[in-house]
Amino acid sequence: MSLPSEDPLAAALQALPAPRVPAALAGTVEAEALDAFREAHAARARPSAWRLLAVAAVVFLYGGWALSAAGGVYR
Amino acid sequence: MFVTGRPWGTSSPAMDDDRALVEELQRGSAGAFRRFHRAYGPRSFAYLLRLTKDVAEAEDAFQETWLRCARAVGGLSVDTPLRPYVLAVARSAFIDGRRRQRRVPFPAGDELPEPTDPAPPLDALLADRQALAALEEALNSLDVGARELLHATAIEGLSAREVADLLGISPEAARKRLERARGDLARALARRSRP
């Protein structure tokens with residue numbers, strides 16, 4: 001459905017002058033967005049409390065199993 | 001009303017290489033984010049200006065759009081096409097902004113009444129220099145839904161599926177709305193070209 005580039009309407013609309021983002025706004029928005037992007041990336045990279053809890057649970061269960069198995073060997 | 005810039009050009013190189021850009025964004029590359037913003041920022045602003053017809057409102061929605069993109073873009077899957085994604089975020093920021101102002105984003109009453117006369121042939125009107133000069137004005141006289149649809153298809157070149165996803169309607173409904181919008185634009189142009 002997108003208008004083919006040879007469509008006269010598409011060609012006419014594409015020939016309209018494109019609005020320009022005011023320079024001050026573009027700069028401010030880019031700086032703010034970049035900060036938010038960095039924060040979001042850091043938050044994604046940071047292990048969540050649930051993930052830490054899951055790792056602790058695995059270590060505890062596996063550790064308990066390993067210790068009990070070792071106890072069986074040495075008994 | 002619009003600040004005059006260069007005419008609409010072809011897509012920027014970043015648009016042809018969305019996958020690589022998304023991969024870099026997933027890794028948290030600040031340079032990739034700047035490229036992303038510079039490739040899609042002007043387009044999102046133009047789209048918002050087309051929706052709002054108001055520079056201050058478009059600027060607020062633009063700021064909100066890019067904060068939302070910044071928070072979410074690192075979590076996108078690599079096969080996400082960025083152009084429809086950014087337009088969808090901009091549309092959502094526009095709708096939320098209108099709701100905060102207690103305004104209906106796409107008022108039903110804003111639509112022109114169902115036309116009874118057949119639309120004049122658009123091709124002939126577009127060949128008329130006088131009518132062509134009034135194209136921007138004619139486009140801005142249409143309801144917000146028609147302006148959005150013509151912008152998304154003719155200027156952004158979104159596919160049927162992408163437009164349907166953007167508007168939350170079926171491709172068939174989008175096709176019908178586009179036909180209606182073209183007819184409305186033809187009538188608006190014809191009114192302006194009459195001596």
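Note on naming: letters A, B, ... go to the chains in the order of the sequence lines (proteins, then strands), and numbering restarts at 1 for each one.
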(message) Is the distance from the ring center of Phe62(B) to that of Phe94(B) below 6.0 Å?
(response) no
(message) Counting heavy-atom pairs under 4.5 Å with chain A, which one of Ala30(B), Cys69(B), Gly41(B) comes out on top?
(response) Ala30(B)
(message) So for Gln26(B), is it side chain, backbone, both, or neither that comes closer than 4.5 Å to the heavy atoms of chain A?
(response) backbone
(message) I'd like to know which of Ala72(B), Gly75(B), Ser44(B), Ala58(B) tops the heavy-atom pair count under 4.5 Å against chain A.
(response)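 Among Ala72(B), Gly75(B), Ser44(B), Ala58(B), the one with the most close pairs to chain A is Gly75(B).
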(request) Name the region of Leu25(B), side chain, backbone, both or neither, that has any atom closer than 4.5 Å to a heavy atom of chain A. (result)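 Interface part for Leu25(B): both.
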(message) Tell me whether Asp96(B) is salt-bridged to Arg68(B), with the criterion being a basic N under 4.0 Å from an acidic carboxylate O.
(response)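 A salt bridge links Asp96(B) with Arg68(B).
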(message) Only pairs of heavy atoms separated by less than 4.5 Å count here; which of Ala45(A), Ala26(A), Ala12(A) has the most with chain B?
(response)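 Highest number of heavy-atom pairs under 4.5 Å: Ala12(A).
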(request) May I ask you to say whether Arg50(B) pairs ionically with Glu136(B), meaning some side-chain N is under 4.0 Å from a carboxylate O? (result)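 Yes, this pair counts.
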(request) Flag the one option from Trp66(B), Phe45(B), Phe33(B) with the top tally of heavy-atom pairs under 4.5 Å to chain A. (result) Phe33(B)
(message) With a sphere of 6.0 Å drawn around CZ of Arg161(B), does it hold more than 12 non-hydrogen atoms of other residues, nucleotides or ligands?
(response)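 At most 12 heavy atoms, drawn from other residues, nucleotides or ligands, come within 6.0 Å of this atom.
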(request) Give me the one residue out of Val163(B), Asp165(B), Thr153(B) that meets side-chain contact (heavy atoms from CB on, under 4.5 Å) with Leu158(B). (result)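 It is Val163(B); the other options fail the test.
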